[in-house]
Amino acid sequence: MKKLFILSLLCMGTAVAAQNNNYQQHHHHHAEDSTDVFFRHLNLNEVTVTGVTGDTKLKHATAPVSIVTPQMLKATASTNVIDAISRQPGISQLTTGGSISKPIIRGLGYNSVVVMSEGVRQEGQQWGDEHGVEVAGNSVHSVEILKGPASLMYGSDAMAGVVILHAQPTLANGERRAHVGSEYQTNNGLFGYNLSIAGNEKGFVWDARFSQKLAHAYKNKYDGYVPGSQFRENAGRLMLGFNKEWGHSRLTWTAYHLTPGIVEGERDPQTGDLVCSSSSPTSYGKSLPFQEVKHYKLVWDNAVNISTGYLKAIVGYQQNRRQEYEESMDDYGIFLKLHTLTYDLRYISHEFNGWKLSTGIGGMYQKSENKGEEFLIPDSRLFDFGIYATATKNLGDRWTLNGGVRYDHRHLHGDELVEDGDVRFTDFSRHFNGLTGSVGVVCNINDHFNLRLNVARGFRTPNMSELASNGVHEGSVRYELGSQHLKAEYSLQADLGLDFTSRYVSAQLALFANRIDNYIFSHRVATVIDPDYLTYAYTQGDARLLGFEAGIDFHPVHSLHFSNTFSYVDAQLLHADADTKYLPFTPAPRWSSELKWELFHHSHTTIHHQHAAHHSHRSLFNNLYIAAGLDYCLRQSHIYRADDTETETPAYALFSLSAGSDVMIGGKKIAELYVTADNLLNEAYQNHLSRLKYADENPATGRRGVYNMGRNVTFKLVIPINL
C-alpha cells in the first residue's frame, strides 16, 4: 500500500446542523441564523447530529460524521446537490456530465450508499451508472454525512454510509419568511431561480418552494462545447402541518423533473470535433438523445411526546419515472417506473442516569415496471423489514459508549418475460436475512482532544440489476448480464478518529479499515450477445478498503483561516491477479486547501457584541469574506486494468477564488451575494470518476474521452423577505 503522509484533517469548519429530523428543534426551538454560524470556529458542543442513534452531540458520536451547513451550501457553486457536497473529505461523485452525480463515500457508491430526503430513503433506480439523486438543491437546508456502515439504523444498502438531506426547519411561532434567489454560471449558461415562503401561525406550519434551472452544453479548451451536456430541472415542494405541545404532524409533497441530455462523445472522423445533433451547442432546448426523469414523493411525518421520550412515525410514497429517447422526440426506448412505499416507527428515550435508548422497526415495499419497448431488468417486487435497538451511555463528562443490533429480512421476486418466443427473464425469488450491529466509544480526553473508536458490521443485498440484468444498458454502453446466485455482501469496518480544537488550530484525523465479503462487481466476458456492445457480467469476491481523511485549520486571528484536507482510499480485491487487483472507480487521492479572510462579521463574544452591532449599522457589507482555494488530485494508477475497463488518470490542480457578503441598508440585511470562480486557470482535466472519460478517442489529437468543465464563474443572489 502506498504510504502518504499529510497534515492531519480538516476543521469541519464552522458547523451547526439544523435538521428537520430533530424533534427537539421543532418543539419551540428557534434555529440559529446560518450567517452567524458560518463564521464560528468549530465547537463540538454546539453541533447536534441525528443520523446516528437519535439526537447526539457531535462530540459524543463514535462514528465519523461530516456536516455541511446552510451557509456552506449557499457559498458553493454546483450543478446539483451531490456536486455541492463532493468537496467534503472522503466524499466523491461519479458523474455523467453536469446534471448527474452519484455520491461515493470512501470508494463505495451505487446501492452501497443510502440517501435520505424528507426523512425517507430516496429510491430512484440508483443502481444505474447514469441515475442521479432526484432532489433539488434549493430544497436542501443542510446535509449530514455518515461515513461507514450505517446498516444499524438504515438497513440494507447503507454499507458505505448515508447522505441525509435536511429540509428547512420549521419556523418559530408567529414567524413568516420568504425569499427569492437566482444564480448564473458563465461556462454552461446555467440560469436558475427559486422562490419560497414559510411560516408558523399558532402551530400551523407551512413551507412552499419552487425552483428551476436551465443549462446549455458546457465547454472546455480541448473539446469546445460538449453536446448532450445540457439539462433543465424543475422542482416543487409543499409542506403543511402542526407543531404542538404534544409533538408534530406534517405532510410533505415534492415533485422533481429533470431532462438531461446524453453525452455520446461521437466525433467527426476528420476534424475530431464532437458531433452536435442540435442547431446550436448553446441551445437550451432538447436534442436527441435525452432522458426524462420524474420523481414524486409524499411523506407523512409524525412525532408524539411522551413522558419518557418520544415516538416518531414516518410513512412515505415515491414514484420514479425514467424514460430514454434515442431516435425520436415522441418515442422512448426504455421506460422504467418504480413505486416505493416506506415506513419507519421508532421510540427514542430521554436521557436518564446517563442512558439513552432507541428502538424501531421499518422497511419498504417496491414494485418496478417496464413500460417501454426495450428491456434491461425484469418487472419485479421487493419487500423488506428490519428491527433494531440501540443504547448510549455517558460515563461522566469524559466517556460515551454506544452500540446496537439489527435484524433485516428482504424478499425479491422477478417476473418472467418471453420475447419473440425466447425467454428474456426467468421467474425467480430470493430471500435474504441480515444480522448487523455496531459498538463504539468516545473519550473526551480534555477540552481540546477527543478520541473515537467504532466497529460496525454492514449488510447489502444484491439489487435487481445485479441479479437479473439481460439487455443493453445504454447508459453504460454495454450488454449486461446478472446472476441469480449472488450472495449478500457483508462488511466489517473499524474507525479510529482523533479531534483537536484550540483557539488557533482545529484538526482531525480519521482512519478506517473495511473488509467486505462477497463484494459485487461487473467484469467483461468473452460471450458476444449483441455485436455492437461488449458484454459484462456481475460476479463477486472478497475485498478490503483502507484509508483516511486528515486535515487542519489554522486561524491565527479570528478573521483568517488556512485549512488543508487530504483524503485517501486504497480499495483492493483479494486473491486477484495484478490486472484485477484494484476495485474500479476508486477516487484518486485528493488534497484541498483554502485561505479565507473574513473582513467584516458579527462577533460572537459579549465583549464585542455592541461594537459589531454598531459596525453593521454603518457598513454596507456584513459577513464579508474572500477566499482562494486549491483542489489537487494526485495521479490515480490503482485501476482495474482488465479488458481496458479503466485507464490511469494523471494528476491535476484546480484553482478557485470566491467572495460573499450580506448586503446591508440601515442595519438590515436586504440580500446575500456570492461570486465563485472555479477552475480559474481553465485547466483541461478528466476526473477519475467521470464516466465521460471513456467516450470515443479524438482522431485528430489521440486524446480519449470527454473532458470536464473549464473555467466557470458563478453568481448567486438571495433576497430575504420578512413578512
Side-chain angles (χ1 to χ4, degrees), residues 96-97 99-100 102 110-111 121-135 228 230-235 254-264 277 285-298 317-341 364-382 412-420 422-427 463-482 529-530 532-533 536 691:
T96 306
S99 61
I100 298 174
K102 301 176 70 67
Y110 294 84
N111 279 77
R121 295 168 58 118
Q122 181 73 17
E123 291 290 325
Q125 313 282 8
Q126 59 266 32
W127 47 266
D129 288 317
E130 77 289 14
H131 299 173
V133 175
E134 303 88 351
V135 177
Q230 72 275 7
F231 67 92
R232 60 175 57 196
E233 174 192 284
N234 296 312
T254 64
Y256 178 87
H257 292 181
L258 177 68
T259 306
I262 297 177
V263 180
E264 295 183 304
S277 60
K286 294 185 289 187
S287 62
L288 293 169
F290 67 92
Q291 294 185 64
E292 286 277 4
V293 180
K294 298 179 180 179
H295 195 93
Y296 305 99
K297 186 187 306 177
L298 185 65
Y317 169 75
Q318 299 174 70
Q319 183 184 118
N320 185 274
R321 302 161 64 93
R322 186 174 300 272
Q323 297 163 282
E324 188 171 292
Y325 296 80
E326 301 167 22
E327 307 295 335
S328 168
M329 291 285 189
D330 301 316
D331 296 324
Y332 45 78
I334 289 179
F335 181 2
L336 296 172
K337 189 174 182 180
L338 178 67
H339 305 267
T340 303
L341 179 67
M364 67 178 174
Y365 170 78
Q366 282 189 332
K367 181 180 179 181
S368 179
E369 303 172 286
N370 284 287
K371 297 293 187 179
E373 299 177 352
E374 301 176 11
F375 304 95
L376 174 60
I377 59 175
D379 289 354
S380 62
R381 292 172 300 283
L382 177 152
L412 295 102
H413 181 88
D415 293 341
E416 181 185 60
L417 175 64
V418 178
E419 188 179 28
D420 299 327
D422 297 325
V423 177
R424 182 67 168 270
F425 304 113
T426 60
D427 186 271
N463 58 52
M464 190 55 62
S465 173
E466 295 162 339
L467 289 170
S469 288
N470 185 12
V472 174
H473 191 175
E474 295 288 352
S476 300
V477 196
R478 63 194 189 190
Y479 198 101
E480 292 186 357
L481 290 173
I529 301 177
D530 188 318
D532 295 328
Y533 296 90
Y536 282 74
R691 294 180 55 253

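Computed from a predicted model, the values in this text were never measured in an experiment.
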ask   = Between Lys102 (side chain) and Thr96 (backbone), is there a donor-acceptor pair under 3.5 Å?
value = no

Under 3.5 Å donor-acceptor, Gln230 side chain and Gly228 backbone = yes

request  = Could you check Leu481 against Ile529 for side-chain contact (heavy atoms from CB on, under 4.5 Å), going step by step and ending with a plain yes or no?
outcome  = CA-CA 10 Å; Leu481 290 173; Ile529 301 177; 3.7 Å; yes

query = For Tyr479 and Asn470, what are the C-alpha separation, side-chain angles and deciding distance, and is it a side-chain contact (heavy atoms from CB on, under 4.5 Å)?
reply = CA-CA 7 Å; Tyr479 198 101; Asn470 185 12; 2.7 Å; yes

Contact check, side chains of [X] and [Y], non-hydrogen atoms, under 4.5 Å:
| X | Y | result |
| --- | --- | --- |
| His131 | Ile100 | no |
| Glu419 | Phe425 | no |
| Glu326 | Glu374 | yes |
| Glu324 | Ile262 | yes |
| Met329 | Phe290 | yes |

Find the distance between [atom1] ([X]) and [atom2] ([Y]) and round it off to the nearest 0.5 Å.
| X | Y | atom1 | atom2 | answer |
| --- | --- | --- | --- | --- |
| Gln291 | Leu258 | CD | CG | 8.0 Å |
| Gln125 | Leu338 | CD | CG | 4.5 Å |
| Asn111 | Met464 | CG | CE | 11.5 Å |
| Leu298 | Leu341 | CG | CG | 10.5 Å |
| Leu412 | Asn463 | CG | CG | 8.5 Å |
| Gln323 | Phe335 | CD | CZ | 4.0 Å |

Identified side chain to side chain donor-acceptor pair (under 3.5 Å) partner of His339 from the options Lys367, Arg381, Glu369, Gln318 = Glu369

request  = State whether a side-chain donor-acceptor pair under 3.5 Å links Asp129 with Tyr110.
outcome  = yes

ask   = Will you find, in the side chains of Asn320 and Tyr296, an N or O donor that is under 3.5 Å from an N or O acceptor?
value = no

note = Per salt bridge (Lys or Arg N to Asp or Glu O under 4.0 Å), Glu292 is matched among Arg232, Lys286, Arg322 by Lys286

ask   = Where is the tightest heavy-atom contact between Ile377 and Ser469, given as atom of each residue plus distance?
value = CG2-OG, 3.8 Å

note = Shortest non-hydrogen pair, Pro260 vs Ser99, comes out as CB-OG, 3.4 Å

task = Could you please spell out the steps behind the side-chain contact (heavy atoms from CB on, under 4.5 Å) verdict for Leu376 and Val472?
result = CA-CA 6 Å; Leu376 174 60; Val472 174; over 6 Å; no

query = Is there a side chain to side chain donor-acceptor pair (under 3.5 Å) between Lys297 and Gln122 once you walk through the steps?
reply = CA-CA 9 Å; Lys297 186 187 306 177; Gln122 181 73 17; 2.6 Å; yes

request  = Quick one: do Asp427 and His413 satisfy side-chain contact (heavy atoms from CB on, under 4.5 Å)? Show the steps, please.
outcome  = CA-CA 8 Å; Asp427 186 271; His413 181 88; 3.1 Å; yes

request  = Determine, step by step, whether Tyr332 and Glu373 satisfy the side chain to side chain donor-acceptor pair (under 3.5 Å) criterion, reporting the C-alpha distance in whole Å, the side-chain angles of both residues, the deciding distance to 0.1 Å, and the verdict.
outcome  = CA-CA 8 Å; Tyr332 45 78; Glu373 299 177 352; over 6 Å; no

